[in-house]
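Written below as structure tokens is the structure these notes are about.
Keep in mind the model is a prediction, meaning the values are calculated, not measured.
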Amino acid sequence: MGTISHAITTSKVTLPRIDSNRSYGLQHLNSRFCQLKSSRVAKKLCASAETRKRSPAVDFNDPDWKSKFQKDFERRFNIPHLTEIFDDAVPIPSTFCLKMRTPVSEEFAAGYPSDEEWHGYINNNDRVLLKVINYSSPTSAGAECIDPDCTWVEQWVHRAGPREKIYFRPEEVKAAIVTCGGLCPGLNDVIRQIVITLEIYGVKKIVGIPFGYRGFSDVELSEMPLSRKVVQNVHLSGGSLLGVSRGGPDVSEIVDSMEERGINMLFVLGGNGTHAGAEAIHNECRKRQIRVAVVGVPKTIDNDILLMDKTFGFDTAVEEAQRAINSAYIEAHSAYHGVGIVKLMGRSSGFIAMHASLASGQIDICLIPEVRFNLHGPHGILQHLKYLIETKGSAVVCVAEGAGQDFLQKTNAKDASGNTVFGDIGVHIQQELSLVGVTKN
């Protein structure tokens, strides 16, 4: 329709993860800054910089390098719009207004409410400044630099919010919601809010696709009608009202199903693999010239989505992780020369491990994928553990699942979402601890 509380004036919304192979022009960050990695944004940008090599290098000798960098950044983060595909798309006044909490009805003129005095819409040209600090030197604490001189370069991203004009008539919309991948705290909250906001716009046909993308092809799985009444209390329950699964049918089969069901607005809640599928669905719809909006809602407790301060479920993951840390601390503290090892989720990002370690105050060593480390040698982890045992009598280590993979034998194994299956770094460290003669917990 245009917007659903965020920026849904687009034909698709996909956000990059820090471990994706796509390039976003951030690979020229100052090397000292990337070694420090003192902030969440720093970690994301550096991880992005280290893994993206496809863009041509910036020639800092070019007097126009700054403007070229800015244009390249804007191009890479441009959000596609429905009008780019359909030139004849005619905008209509938005049916969304915070003053109108009840669904749009036929009592309104032409079916739409009129509220010219409400100034709650976002202009399409609104932008948000990504960086707010002008660092004078790359040696400044937390400095985020693009060139060696730490030149101030403005980087703007689209501002989210409801638009004054929309491109779908609510009475013609059949919206579908699908949750894919693993479970994440807050899934039902997001489903609930999407449904309620759609009804505020005036959408009457809202359905849920059961068990991820699988629900588009499995004839035994029927779509679930959704309404405010259905989802009113769903946020009080865990899991997903719609169920989840990994993988699914071919993209063409999914789009065929969408055409058959009359779905012209798809909300996809998932992580990296799920959004890769959402982008493929968008591209297939674009290829077929089907007027469909595919909206991505990033779902990851790992908090590893570029340009997002915090993804839903992250706080809960950090809170629950502290329970394991507290248990490990008690075990290690109660044993003679005990070492507790806590391995936390996060794949290629260490945000959960880092935040849980800081919040608990009981972690002596935190190992994350963004920072390389040595196990052996005078400055290795094992030597430091030996020092902790001698001085404190015990120690607790928190390690993210993707950390230290260089020490493990690599395999070609993939999970159902196509992600590489990591080796168990926690077990490896436990085995290596025999070198310092300590108790493992």
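Ion pairing between a basic and an acidic side chain is recognised when a charged N comes within 4.0 Å of a carboxylate O; Glu223 and Lys174 show such pairing. Ion pairing between Arg76 and Asp72 holds under the 4.0 Å rule for side-chain N and carboxylate O.
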- Is there a side-chain contact (heavy atoms from CB on, under 4.5 Å) between Ile352 and Asp302 once you walk through the steps? CA-CA 6 Å; Ile352 294 178; Asp302 300 340; 4.0 Å; yes

- Does the pair Val251 and Asn283 meet the rule for a side-chain contact (heavy atoms from CB on, under 4.5 Å), with working shown? CA-CA 10 Å; Val251 173; Asn283 291 332; over 6 Å; no

- Check the pair Glu253 / Phe216 against side-chain contact (heavy atoms from CB on, under 4.5 Å), numbers first and verdict last. CA-CA 8 Å; Glu253 189 175 350; Phe216 283 107; over 6 Å; no

- Task: Test Phe422 against Ser348 for side-chain contact (heavy atoms from CB on, under 4.5 Å), laying out the working first.
- Result: CA-CA 10 Å; Phe422 288 147; Ser348 298; 3.8 Å; yes

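Listed for the Thr179 side chain is a donor-acceptor partner under 3.5 Å among the backbone atoms of Gly243. Proximity of a side-chain donor or acceptor of Gln70 to a complementary backbone N or O of Val153 within less than 3.5 Å is not detected. When atom types are taken as modelled, the side chain of Ser137 and the backbone of Thr139 share a donor-acceptor pair closer than 3.5 angstrom. Ser334 places no side-chain N or O within donor-acceptor distance of the main-chain N or O of Glu331, the cut-off being under 3.5 Å. Under a 3.5 Å cut-off, the side chain of Thr300 and the backbone N or O of Gly271 do not form any donor-acceptor pair. Between the side chain of Lys392 and the main chain of His333, no donor-acceptor pair closer than 3.5 Å is present. A donor-acceptor pair under 3.5 Å links the side-chain atoms of Arg163 to the main chain of Gly161, judged by distance alone. Using a distance-only test at 3.5 Å, with no hydrogens or angles considered, no donor-acceptor pair links the side chain of His384 to the main chain of His379.
Residues Trp156 and Leu129 come closest through the heavy atom pair CE3-N, 3.4 Å. Of all the heavy atoms in Ala278 and Val294, the pair that sits closest is O-CG1, 3.7 Å. Looking at every heavy atom in both residues, Leu385 comes nearest to Ala395 through CD2-CB, 3.8 Å. In this structure, Arg127 and Asn124 approach most closely via the heavy-atom pair NH1-O, 3.0 Å. Minimum heavy-atom separation, Tyr213 to Val268: OH-CG1, 3.4 Å. Closest of all the heavy-atom pairs between Ala328 and Val342 is CB-CG2, 3.4 Å.
Counting heavy atoms from C-beta on, the side chains of Arg228 and Ile206 never come closer than 4.5 Å. For the pair Val397 and Val339, the minimum side-chain heavy-atom distance is below 4.5 Å. When side chains are defined from C-beta on, Asp250 does not count as touching Glu284, because their heavy atoms never get closer than 4.5 Å. Here the side chains of Val207 and Arg261 are not in contact, with every heavy-atom distance at 4.5 Å or above. Residues Gln232 and Arg192 form a side-chain contact, since some pair of their non-hydrogen atoms from C-beta on lies under 4.5 Å apart. Contact of the Ser240 side chain with the Ile191 side chain is registered, since non-hydrogen atoms from C-beta on lie closer than 4.5 Å. Proximity of Val427 to Gln431: side-chain heavy atoms (C-beta onward) are separated by under 4.5 Å at one or more points. Using a 4.5 Å heavy-atom cutoff, the side chains of Val58 and Ile146 are not in contact.
With sequence neighbours left out, the disulfide (SG to SG under 2.5 Å) criterion links Cys366 to no other residue.
The neighbour count for Arg214 CZ, taken as heavy atoms of other residues, nucleotides or ligands under 6.0 Å away, does not exceed 12. By the neighbour-count criterion of 12 heavy atoms within 6.0 Å, atom NZ of Lys343 is densely surrounded, having more than that number from other residues, nucleotides or ligands. With a 6.0 Å radius and a threshold of 12 heavy atoms from other residues, nucleotides or ligands, Glu74 has its CD atom at or below the threshold. Remark: Lys71 NZ is loosely packed, at most 12 non-hydrogen atoms of other residues, nucleotides or ligands lying under 6.0 Å away.
Test Leu187, Ile194, Asn188 against Val190 for side-chain contact (heavy atoms from CB on, under 4.5 Å) and you get one pass: Ile194. Under the side-chain contact (heavy atoms from CB on, under 4.5 Å) test applied with His158, the options Asp126, Val128, Asn78 reduce to a single match, Asn78.
Here Phe314 contributes atom CZ and Asn303 contributes atom CG; the two are 4.5 Å apart, rounded to the nearest 0.5 Å. A distance of 11.0 Å separates CD1 in Ile281 from OG in Ser252, rounded to the nearest 0.5 Å. Interatomic distance, Leu433 CG to His428 NE2, rounded to the nearest 0.5 Å: 10.0 Å. In this structure, the separation between CE on Met224 and CG on Leu241 is 4.5 Å, given to the nearest 0.5 Å. With rounding to the nearest 0.5 Å, the separation of OG1 in Thr151 from NZ in Lys66 is 7.0 Å. The CD atom of Gln362 sits 11.5 Å away from the SG atom of Cys398 when rounded to the nearest 0.5 Å.
A side-chain donor from one of Glu432 and His376 sits under 3.5 Å from a side-chain acceptor of the other.
Arg291 forms no cation-pi arrangement with Tyr167, by the criterion of a distance under 6.0 Å to the ring centre and an angle within 45° of the ring axis.
Classified by interplanar angle (parallel below 30°, tilted 30° to 60°, perpendicular above 60°), the ring pair Trp65/Phe69 is perpendicular.
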Can you list, pair by pair, the side-chain donor-acceptor contacts under 3.5 Å of residues 399-407, counting residues two or more places apart and other chains?
from	atom 1	to	atom 2	distance (Å)
Glu401	OE2	Gly346	N	2.9
Glu401	OE2	Arg347	N	3.0
Gln405	OE1	Gly423	N	3.0
Gln405	NE2	Glu401	O	3.1
Gln405	NE2	Gly423	O	3.3
Asp406	OD2	Arg372	NH1	2.9
Asp406	OD2	Arg372	NH2	3.0

